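Since this is a predicted model, take the numbers as computed values, not measurements. The analysis underlying the following values was restricted to heavy atoms, covering all of them including side chains, and did not include hydrogens, waters or symmetry mates. Throughout, residue positions are numbered sequentially from 1 according to the sequence presented.
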Amino acid sequence: QVQFVESGGGLVQPGGSLRLSCVASASISESTMVWYRQAPGKQRELVAILNRSGVTSYIDPVKGRFIMSREIAKNTVYLQMNSLKPGDTAIYYCNSVPALPWGQGTQVTVSS
């Protein structure tokens, strides 16, 4: 069973940046990968998608601020988050499409 391990979260001031990492226990070369987030009291929402061809897409609230990328040799996907806002506060998770068991996520808190 493929497992995902997210890291890189933390506490950051508004306007700051963080880079999240997600290491998969199997190859991601043929997978569409996604980042989701879940804010307190809200449903998990899709944030970014990176397809097998390396093409990315993002939800409107993060367009121009977040960049998703991958390093196939390391079975790792990244989420570079810039110009962070308090509304970005959430637990961030990665997964593949179709979804596999979720990892523990990584907490991102944007606060002054």
Side-chain angles (χ1 to χ4, degrees):
Q1 187 72 282
V2 179
Q3 295 181 325
F4 302 107
V5 179
E6 301 91 346
S7 63
L11 173 64
V12 62
Q13 292 186 341
S17 298
L18 284 173
R19 187 194 195 204
L20 307 184
S21 300
C22 170
V23 180
S25 60
S27 175
I28 62 169
S29 63
E30 298 299 318
S31 300
T32 291
M33 298 296 295
V34 293
W35 280 98
Y36 275 76
R37 67 185 180 186
Q38 187 166 19
K42 295 186 177 181
Q43 290 189 332
R44 196 170 294 181
E45 68 169 348
L46 178 65
V47 175
I49 301 172
L50 189 153
N51 71 13
R52 293 172 54 180
S53 300
V55 177
T56 54
S57 59
Y58 307 90
I59 58 172
D60 284 346
V62 308
K63 281 182 180 177
R65 300 189 297 122
F66 289 11
I67 301 171
M68 184 175 180
S69 61
R70 65 183 176 183
E71 195 165 355
I72 292 175
K74 294 185 177 181
N75 297 335
T76 301
V77 293
Y78 304 98
L79 188 66
Q80 177 67 43
M81 307 188 297
N82 302 318
S83 302
L84 282 161
K85 304 175 180 180
D88 296 318
T89 295
I91 300 175
Y92 284 72
Y93 304 86
C94 74
N95 212 312
S96 60
V97 178
L100 296 173
W102 294 93
Q104 82 288 350
T106 186
Q107 175 71 50
V108 172
T109 302
V110 185
S111 175
S112 55

Pairing residues for T109 by the side-chain hydrogen bond (donor to acceptor under 3.5 Å, both in side chains) criterion, not counting sequence neighbours: Q107
Using the rule that two of Ile, Leu, Val, Met, Phe, Trp, Tyr join whenever any of their side-chain heavy atoms come within less than 4.5 Å, decide whether V62 and Y92 are in one cluster. yes
Identify whether V110 and I67 are in the same connected component of the hydrophobic contact network (ILVMFWY, side-chain heavy atoms under 4.5 Å). yes
According to side-chain hydrogen bond (donor to acceptor under 3.5 Å, both in side chains), who are the partners of K63, at least two apart in sequence or on a separate chain? D60
Please list, chain by chain and in numerical order, all residues satisfying side-chain hydrogen bond (donor to acceptor under 3.5 Å, both in side chains) with S27, sequence neighbours excluded. S29
Following the transitive rule for hydrophobic clusters with a side-chain heavy-atom cut-off under 4.5 Å over Ile, Leu, Val, Met, Phe, Trp and Tyr, establish whether M81 and Y36 coincide in one cluster. no
Could you state whether M68 and F66 fall into the same hydrophobic cluster, counting links through intermediate Ile, Leu, Val, Met, Phe, Trp or Tyr residues with side-chain heavy atoms under 4.5 angstrom apart? yes
Under a 4.5 Å side-chain heavy-atom rule over Ile, Leu, Val, Met, Phe, Trp and Tyr, are Y93 and V5 clustered together? no
N/O donor to acceptor pairs below 3.5 angstrom from side-chain atoms of residues 96-104, sequence neighbours left out:
unit_1 : atom_1 : unit_2 : atom_2 : d
S96    : OG     : P98    : O      : 3.1
Q104   : NE2    : E6     : O      : 2.9

The complete set of disulfide bond (SG atoms under 2.5 Å apart) pairs with one or both residues in residues 32-92, sequence neighbours excluded, reads none
Residue pairs meeting disulfide bond (SG atoms under 2.5 Å apart), one or both in residues 58-90, sequence neighbours left out, come to none
Report all side-chain donor-acceptor pairs from residues 71-79 shorter than 3.5 Å, counting only partners two or more places apart or in another chain.
unit_1 : atom_1 : unit_2 : atom_2 : d
E71    : OE1    : Y78    : OH     : 2.7
T76    : OG1    : K74    : O      : 2.7

What pairs meet the side chain to side chain donor-acceptor pair (under 3.5 Å) rule with one or both residues in residues 45-56, with sequence neighbours excluded? E30-R52, R37-E45, T56-Y58
I would like to know whether I28 and R70 meet side chain to side chain contact (heavy atoms under 4.5 Å, CB included); could you show each step before the answer? CA-CA 9 Å; I28 62 169; R70 65 183 176 183; 4.2 Å; yes
Which atom pair, heavy atoms only, marks the closest approach of A24 to V2? CB-CG1, 4.5 Å
Please list all pairs passing the disulfide bond (SG atoms under 2.5 Å apart) test where one or both residues lie in residues 16-110, with sequence neighbours left out. C22-C94
Using atom types as modelled, flag every donor-acceptor pair under 3.5 Å from a side chain in residues 10-20 to any protein atom, sequence neighbours excluded.
unit_1 : atom_1 : unit_2 : atom_2 : d
S17    : OG     : N82    : OD1    : 3.0

Checking one residue: V55. Which other hydrophobic residues are in its cluster under the side-chain 4.5 Å linking rule? none
Per the ring pair (Phe, Tyr, Trp, His ring centres under 6.0 Å) rule, what does the pair list look like for residues 2-35, sequence neighbours excluded? none
Which atom of Q3 lies closest to which atom of S25, heavy atoms considered: N-OG, 2.7 Å
